Amino acid sequence: MAIISLLFVTIELLCVFPKPNRAADAIRPTQFLRNGSTLVSNGGRFELGFFSPGSNPNRLYLGIWYKTIPVRRVVWVANRDKPIEHPPATLTLNGTGSLVLLGRNQSVVWSTISSKEAANPAAQLLDTGNFVLRDEQRDTNSYSANFLWQSFDYPSDTLLPGMKLGWDLRTGFVRRLTSWKSSDDPSPGELIYGVELHSYPEAVMRRGSTEIYRSGPWNGLRYSGAPELRPNPLFHFEFNANLEEVYYTYQLNNDSVISILVLNGTSSAGQRYIWIEDQKRWNLYVSLPRDNCDTYSLCGAYGICVINESPVCQCLKGFTPKSPGKWNNMNWSQGCARNKPLKCGKGDGFAKFDGLKLPDTTHSWVNRSMNLKECRAMCLANCSCVAYTKSDIRGGGSGCAMWFGDLMDMRQLPIGGQELCIRMPDSELGANHFSMKQLVIIVAVIAVYFGIIIVGYCICRRRRKTKENAENDIRNNYNNERQERDLEMPSFDLASIVNATSNFSVDKKLGEGGFGPVYKGVLLDGQEIAVKRLSMSSGQGVNEFKNEVTLIAKLQHRNLVKFLGCCIEGDERMLIYEYMPNKSLDFFIFDETKGKLLDWSKRYHIIFGIARGLLYLHQDSRLRIIHRDLKASNVLLDNEMNAKISDFGLARCFGSSQTMANTIRVVGTYGYMAPEYVVDGLFSIKSDVFSFGVLLLEIVIGKKNRGFYHSSHNLNLIGHAWRLWKEGRALELVNGEPYEVSCHVPTILRCIHVGLLCVQQQPEDRPNMSSVLLLLSSEGTLPQPNQPGFFVDRSPVEVAEYSSNKYTPSSSTNDITITHLEAR
């Protein structure tokens, strides 16, 4: 199978550009461009016009190419998805400042949309290759950044100097490269390349939804897996991550160089070339992927690819193949497992590995102000942290990057690799555990032993006193609230919970969230329970613990998870719930195979259950409760697939007359939070309605709102649903058995319609939950929804957390919950 890859082409012209004839570089209202005529940029470098790839001259596309290169190299295509099948083709500029591409019979094939109208619009091809719309009355500088529209925002398969590959967080707009389908078909192919918005951003190439290549995170100098990306005489590059943008770009060092970055879907590899002008040919400079070790996750978890070894996949020291038989047959996909389990607080350390491409950063966390010593201590204190390193290696190096979960896609680099400290049990560190510097420190510590022991004793005594006071406060508050509300709050002793969970055995672990790990247990009377154990390094903590205890104790409803009691003993804080045998909703709806177990009747039943539970919180409970973290992973399913809302650690209660509040501490999960909450910190029952709308659409469609990709646009799941609904094609959203879908068409369409009503931009436009239940169950006409909030696929919050250094890591594989974000 051919490897589809990244093509980086560098052309160095060894002659001076000839001075071009004065050709038109712009069109204005009442002017037009037809096939056979072109625009030429002022410096003569680029040309815009109509072209026909392949052998069919009647298939026309509007594109931009280098005018100065003998062989036409198209760098941008306007109407990729919709060629003009027969001439004529006409490009016009209307009076409001929109470009319109017309085919036969004056049919509109492609057009631009600007948020502003121009008094004196002009469309101009710049010598950078950027085709822009601007207002000549207000903007006399043709190279201003304040364009009404620009082709640089809509790249095809080519990145030109000055273009940005990444995210505009002010609007949520994303710029990615998408390959041509074939050499004579510029419509979007399977290959996508762009910057992924993890806490530690990196560039990723995908074939459809499958990740096939990863650059490694940006370490201040370059991508950690791209040692060839270093200072050179041809171009310079930069990577910016701030509250407004996250993007990669590069610029030429002089005007005699032509450089393009191409995503080539037809070549067996991507190459960087230099054009030799006097020889009229390309010289290969570098090829990407460089070798087999660039294949994503070739060696599996904790495996490392070493291209000069045979076989290329090796297990890290302290690890052995998880499946030795398959490993010896060169099937490395299952990766490696630890020789000995971690002990967490009872004796772990770190082994240092040098010269690595850093692991996949999907489950990582970054604090750019923390030093490496603080980074190590924080990682060591969190049992879920498996590795750490510097996030920025420039100069002396600074910042902290930590990983949670299995380490994937590592390789040994001969030059330019990076140091990574991986968590190991002390027994695996051996003699190499202590460096000479550490030995000197140990000797010094021994020399001042008695002084240190006295200081340590005082500190321990003070801490013990502080903990005892805090414990007493919690118990007093807990008992006072119980007495005040006459609540029966069963208390479990630690010994019974330890026995029920086999001493918190790994085999009993159900999952982990911001609160801490969750274990399955069986009490002596045979009752199955779920135990949420507060992690000492949890991003939530005592306040969330108290909040959940006091809130959920008041709540009793068939669609809320049943709270059985709590355990407060020593440093332990635990919540005890009824056990849900069918896990959480996300376990089914986001998995193509397991999703088939939920037919449409069951999904409809689950939707109603969630709605009834939310209505109880908003209206029928003793206090008005705003959940603030409603999502698929927080909806549990019992043995009859009844939905039960869980996890009230982030919930807030209102008085009966209160409907809205604001906060400087925004909490929730990416993809589910309402716009007014993310931007202004305002939350109400309508912010929960927004979350319910997102969840409803996810249940119907079977895909996540966060991380949704579509080859023909940059919209998220909400935007995709809105577009298809507006076009009367809403049933295309549903992936299911044709017979089953056909039997439930009215109900499915009504659910999609109600979901769009719930995710409208303005809170006052959204229905309350009592109206939602009525709309779902009735057969009457529904009101028309307005445009949804967060019409694009990412929100500015995702990198606001990353840039503010206030994100608390979660080891959940499904969602990332914000727990400390100051609202603007």
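Both backbone and side-chain heavy atoms feed into the values below; hydrogens, waters and symmetry mates do not. No experiment lies behind these values; they were computed from the predicted model shown.
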What's the shortest heavy-atom distance between [X] and [Y], and which atoms?
X	Y	result
G129	I64	O-CD1, 3.6 Å
V759	V694	CG1-N, 3.6 Å
W365	F404	CB-CE1, 3.8 Å
L221	N219	N-OD1, 3.1 Å
S98	N94	N-OD1, 2.9 Å
G63	W65	O-CZ3, 3.6 Å

Report yes if the distance between the aromatic ring centroids of Y154 and F173 is under 6.0 Å, otherwise no.
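Here the rings of F173 and Y154 have centres that are less than 6.0 Å from each other.
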Below 6.0 angstrom between ring centroids: does that apply to F46 and Y66?
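Centroid distance F46-Y66: below 6.0 Å, so yes.
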Kindly compute the distance separating [atom1] ([X]) from [atom2] ([Y]), expressed to the nearest 0.5 Å.
X	Y	atom1	atom2	answer
S111	L91	OG	CG	11.0 Å
Y296	Y213	OH	OH	13.5 Å
M205	E211	CE	CD	10.5 Å
Y250	L160	OH	CG	6.0 Å
W149	R134	CH2	CZ	14.5 Å
R368	S391	CZ	OG	8.0 Å

Can you check whether [Y]'s main-chain N or O pairs, donor with acceptor, with [X]'s side chain at less than 3.5 Å?
X	Y	answer
S691	S687	yes
R222	P227	no
S364	M402	no
D157	S179	no
Q418	K390	yes
T361	Y200	yes
S224	L358	yes
D127	R45	yes
Y677	R628	no
K704	D586	no

Which residues satisfy the side chain to side chain donor-acceptor pair (under 3.5 Å) test with E238, sequence neighbours excluded?
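If we apply the side chain to side chain donor-acceptor pair (under 3.5 Å) test to E238, skipping adjacent residues, the hits are N240.
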Are any non-hydrogen side-chain atoms of [X] and [Y] less than 4.5 angstrom apart?
X	Y	value
D168	Y247	no
P359	M410	yes
L101	Y61	no
I752	L697	yes
F131	L99	yes
P201	Y248	no
L585	I699	yes
K82	W110	no

Criterion side-chain contact (heavy atoms from CB on, under 4.5 Å) on L125 and S41, from CA distance to verdict:
CA-CA 5 Å; L125 178 62; S41 63; 4.1 Å; yes
Candidates V195, T249, L165 - the one meeting side-chain contact (heavy atoms from CB on, under 4.5 Å) with F239:
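Testing each of V195, T249, L165 against F239, the sole residue satisfying side-chain contact (heavy atoms from CB on, under 4.5 Å) is V195.
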Can a donor-acceptor pair be found between the side chains of [X] and [Y] at a distance below 3.5 Å?
X	Y	result
N130	S151	yes
Q762	N786	no
R80	T178	no

Show your working on side-chain hydrogen bond (donor to acceptor under 3.5 Å, both in side chains) between T669 and D629 and close with a plain yes or no.
CA-CA 6 Å; T669 299; D629 200 18; 2.6 Å; yes
Evaluate the side-chain contact (heavy atoms from CB on, under 4.5 Å) criterion for residues F152 and V132: first the C-alpha distance (whole Å), next the side-chain angles of each, then the deciding distance (0.1 Å), finally the verdict.
CA-CA 8 Å; F152 271 19; V132 304; over 6 Å; no
Between [Y] and [X], does any NZ, NE, NH1 or NH2 come within less than 4.0 Å of an OD or OE carboxylate oxygen?
X	Y	value
D765	K686	no
E244	K164	no
K357	E202	no
E245	R170	yes

May I have the step-by-step check of salt bridge (charged side-chain N to carboxylate O under 4.0 Å, His left out) for R723 and E732, ending in yes or no?
CA-CA 11 Å; R723 171 179 285 187; E732 293 179 24; over 6 Å; no
Worked check of side-chain contact (heavy atoms from CB on, under 4.5 Å) between Q784 and H753:
CA-CA 8 Å; Q784 296 301 305; H753 196 151; 4.1 Å; yes
Steps toward side-chain contact (heavy atoms from CB on, under 4.5 Å) verdict (L62, V109):
CA-CA 10 Å; L62 178 68; V109 176; over 6 Å; no
In terms of the angle between their ring planes, are F51 and W180 parallel, tilted or perpendicular, with boundaries placed at 30° and 60°?
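Geometry flag for W180 against F51: parallel rings.
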